[in-house]
Amino acid sequence: MRVVQIGLPDLDRSWKNDLASAGRRLGWDLCHFPPHDPSPILKALPGADLLLWVHTPGKAPPHGDRILARARAHGVATVGLHLDLYWTRPNREPEIGRDPWWRCDHVFTADGGHQKEFAARGIRHHWLPAAAGRRWLTPGTVDRARWPEPIVFVGTCSQGAHRDHRRRLITWAKGRWGDRFGWYGSPRRRVWGEDLSSLYATARVVLADSVPVPRYWSDRVPLTLARGAPLAHPMIEGMPEQGYTRDVILGYQVGEFEPLGDLIDSITDRELADRAAAGRVLVEEQHMWEHRLREIERTVFG
């Protein structure tokens with residue numbers, strides 16, 4: 001299958017490159033173009049089977065409707081893809097249907113709890129839970145001198161989708177564990193790539209939060225589990241059916257931190273290791289980008 005992907009080929013850490021690598025691993029003839037210049041995209045479309053438009057906020061290709069028109073003129077199926085939550089977010093809801101990528105034949109996002117709302121906007125939407133790239137299955141290097149805290153959280157603490165629940169989680173964790181808790185992702189402690197793999201290989205438990213809406217979680221779930229880290233995460237509606245059960249993660253109810261703290265303090269290292277191993281196997285067998293691309297292929301082509 002010949003695929004034209006609009007993404008971010010120049011940003012190595014981007015999941016869009018993991019997506020492209022997965023397509024090539026499946027045997028697809030895939031060309032990956034940045035969004036800023038429509039010319040090579042337009043040139044590549046004749047003879048393609050699929051246009052995979054992987055959206056980057058603020059980086060919509062110029063002449064997007066022209067790209068879609070050319071694809072359709074040459075019988076190319078079009079798919080829009082993004083991992084964001086859109087509904088319930090005041091800064092995202094106004095974007096729904098506005099940019100041309102929403103007008104693809106099929107739109108896949110990680111926002112799986114609002115099918116009726118998407119349909120009301122005339123969008124042919126499909127739920128696509130976040131996935132991991134195969135490169136992140138390689139274990140990181142344990143380095144306790146660099147990452148001394150056994151309990152960590154990785155992420156910024158901005159407003160928006162996370163509202164105040166992330167800040168409450170971080171404040172609570174600091175109060176409960178003191179200097180045994182580390183927050184990475186603040187402006188002076190950003191961690192990416194192999195450094196993140198090393199941090200996760202070293203940490204005893206990785207804390208995570210989630211927006212309290214059904215059938216949405218970020219790619220921190222598969223990316224943390226792929227790296228073999230024990231993950232504490234809210235039990236969001238839709239997670240168990242994807243295999244993310246309490247046998248795999250340290251599940252807790254949104255905002256109910258004390259029971260989570262008691263669990264973390266009482267669970268044995270062996271039990272944590274068993275959960276981490278099960279989580280890694282789950283992601284490798286069900287939640288890699290190869291799995292998601294096969295889902296897209298079946299949906300679009302039958």
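Numbering starts at 1 and runs along the sequence shown.
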Quick one: do [X] and [Y] make a salt bridge, cutoff under 4.0 Å?
| X | Y | result |
| --- | --- | --- |
| Asp269 | Arg204 | yes |
| Glu271 | Arg275 | no |
| Arg176 | Asp265 | yes |
| Glu297 | Arg294 | yes |
| Asp12 | Arg135 | yes |

Has [X] got a side-chain atom pairing as donor or acceptor with [Y]'s backbone, closer than 3.5 angstrom?
| X | Y | answer |
| --- | --- | --- |
| Trp183 | Val152 | no |
| Arg220 | Gly155 | no |
| Arg121 | Gly97 | no |
| Ser14 | Leu8 | no |
| Arg166 | Ala208 | no |
| Glu93 | Thr88 | yes |

Could you state the interatomic distance from [atom1] ([X]) to [atom2] ([Y]), rounded to the nearest 0.5 Å?
| X | Y | atom1 | atom2 | answer |
| --- | --- | --- | --- | --- |
| Trp101 | His55 | CH2 | NE2 | 5.5 Å |
| Phe118 | Lys116 | CZ | NZ | 15.0 Å |
| Leu169 | His165 | CG | NE2 | 9.5 Å |
| Met235 | Ser210 | CE | OG | 11.0 Å |
| Leu52 | Cys31 | CG | SG | 12.5 Å |
| Ile264 | Leu272 | CD1 | CG | 8.5 Å |

Can you give me the closest heavy-atom contact between [X] and [Y], atom names plus distance?
| X | Y | result |
| --- | --- | --- |
| Trp127 | Asp111 | CD1-C, 4.1 Å |
| Arg2 | Pro46 | NH1-O, 3.2 Å |
| Ala276 | Pro230 | CB-N, 3.9 Å |
| Gly7 | Pro35 | O-CD, 3.0 Å |
| Pro61 | Ile67 | CB-CD1, 3.9 Å |

Quick one: does [X]'s side chain get under 4.5 Å of [Y]'s, heavy atoms only?
| X | Y | result |
| --- | --- | --- |
| Ile170 | Leu207 | no |
| Leu196 | Tyr184 | no |
| Ile249 | Met239 | yes |
| Ile123 | Ile96 | yes |
| Leu137 | Arg134 | yes |
| Trp217 | Pro129 | yes |
| Val221 | Leu225 | yes |

Co-membership, hydrophobic cluster, residues [X] and [Y], 4.5 Å side-chain:
| X | Y | value |
| --- | --- | --- |
| Leu68 | Val54 | no |
| Leu282 | Met288 | yes |
| Leu19 | Leu128 | yes |
| Leu50 | Leu81 | yes |
| Phe257 | Phe153 | yes |

(request) Start with the C-alpha distance between Leu250 and Leu231, add both sets of side-chain angles, then the distance that settles side-chain contact (heavy atoms from CB on, under 4.5 Å), and finish with yes or no. (result) CA-CA 6 Å; Leu250 301 175; Leu231 175 66; over 6 Å; no
(request) Only pairs at least two apart or in different chains count here, so list each side chain to side chain donor-acceptor pair (under 3.5 Å) that has a residue in residues 68-87. (result) Arg72-Asp105, Thr78-Asp105, His82-Tyr86, Asp84-Arg89, Asp84-Arg92
Do the side-chain N and O atoms of [X] and [Y] include a donor-acceptor pair separated by under 3.5 angstrom?
| X | Y | value |
| --- | --- | --- |
| Asp49 | Trp28 | no |
| Gln5 | Trp53 | no |
| Arg227 | Ser197 | yes |

Would one find more than 12 heavy atoms of other residues, nucleotides or ligands at under 6.0 Å from atom [atom1] of [X]?
| X | atom1 | result |
| --- | --- | --- |
| Gln286 | CD | yes |
| Asp65 | CG | yes |
| Arg144 | CZ | no |

(message) With side-chain hydrogen bond (donor to acceptor under 3.5 Å, both in side chains) as the criterion, how do Glu258 and Trp172 come out once you've worked through the C-alpha distance, each side chain's angles and the decisive distance to 0.1 Å?
(response) CA-CA 9 Å; Glu258 286 303 324; Trp172 166 80; 2.7 Å; yes
(message) Please enumerate all residues that pass side chain to side chain contact (heavy atoms under 4.5 Å, CB included) together with His126, with sequence neighbours excluded.
(response) His106, Phe108, Arg124, Thr299
(request) Identify which one of Glu237, Glu241, Gln242 satisfies the side chain to side chain donor-acceptor pair (under 3.5 Å) criterion when paired with Arg215. (result)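 Considering Glu237, Glu241, Gln242, a side chain to side chain donor-acceptor pair (under 3.5 Å) with Arg215 is found only for Glu241.
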(message) Run the ring-ring contact (aromatic ring centres under 6.0 Å, His included) test against Trp289 and tell me which residues pass, sequence neighbours left out.
(response)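 If we apply the ring-ring contact (aromatic ring centres under 6.0 Å, His included) test to Trp289, skipping adjacent residues, the hits are Trp15.
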(message) Quick check: His287 with Tyr244 (ring centres under 6.0 Å apart)?
(response)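 Yes, close enough.
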(message) Holding to side-chain hydrogen bond (donor to acceptor under 3.5 Å, both in side chains), I want the full list of residues that pass it with Ser198, two or more places apart in sequence or in another chain.
(response)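 Counting only residues at least two positions away or on another chain, Ser198 forms a side-chain hydrogen bond (donor to acceptor under 3.5 Å, both in side chains) with Trp147.
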(message) The criterion is side-chain hydrogen bond (donor to acceptor under 3.5 Å, both in side chains); which residues satisfy it with Arg168, sequence neighbours excluded?
(response)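 Here no residue qualifies.
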(message) Using side-chain contact (heavy atoms from CB on, under 4.5 Å), reason through Val283 and Trp136 one step at a time and then give a plain yes or no.
(response) CA-CA 11 Å; Val283 171; Trp136 305 124; over 6 Å; no
(request) Evaluate side-chain contact (heavy atoms from CB on, under 4.5 Å) for Trp102 paired with Cys104, printing each intermediate quantity in order. (result) CA-CA 6 Å; Trp102 290 103; Cys104 287; over 6 Å; no
(message) Consider side chain to side chain contact (heavy atoms under 4.5 Å, CB included). Of Val4, Leu293, Val3, which one does Leu30 pass it with?
(response) Val3
(request) Kindly indicate, with the supporting measurements, whether the criterion salt bridge (charged side-chain N to carboxylate O under 4.0 Å, His left out) is fulfilled by Glu295 and Arg292. (result) CA-CA 5 Å; Glu295 290 177 37; Arg292 297 297 181 266; 3.1 Å; yes
(request) Mind checking salt bridge (Lys or Arg N to Asp or Glu O under 4.0 Å) for Glu285 and listing every partner two or more places apart, or none if nothing turns up? (result)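 Glu285: no salt bridge (Lys or Arg N to Asp or Glu O under 4.0 Å) contacts found.
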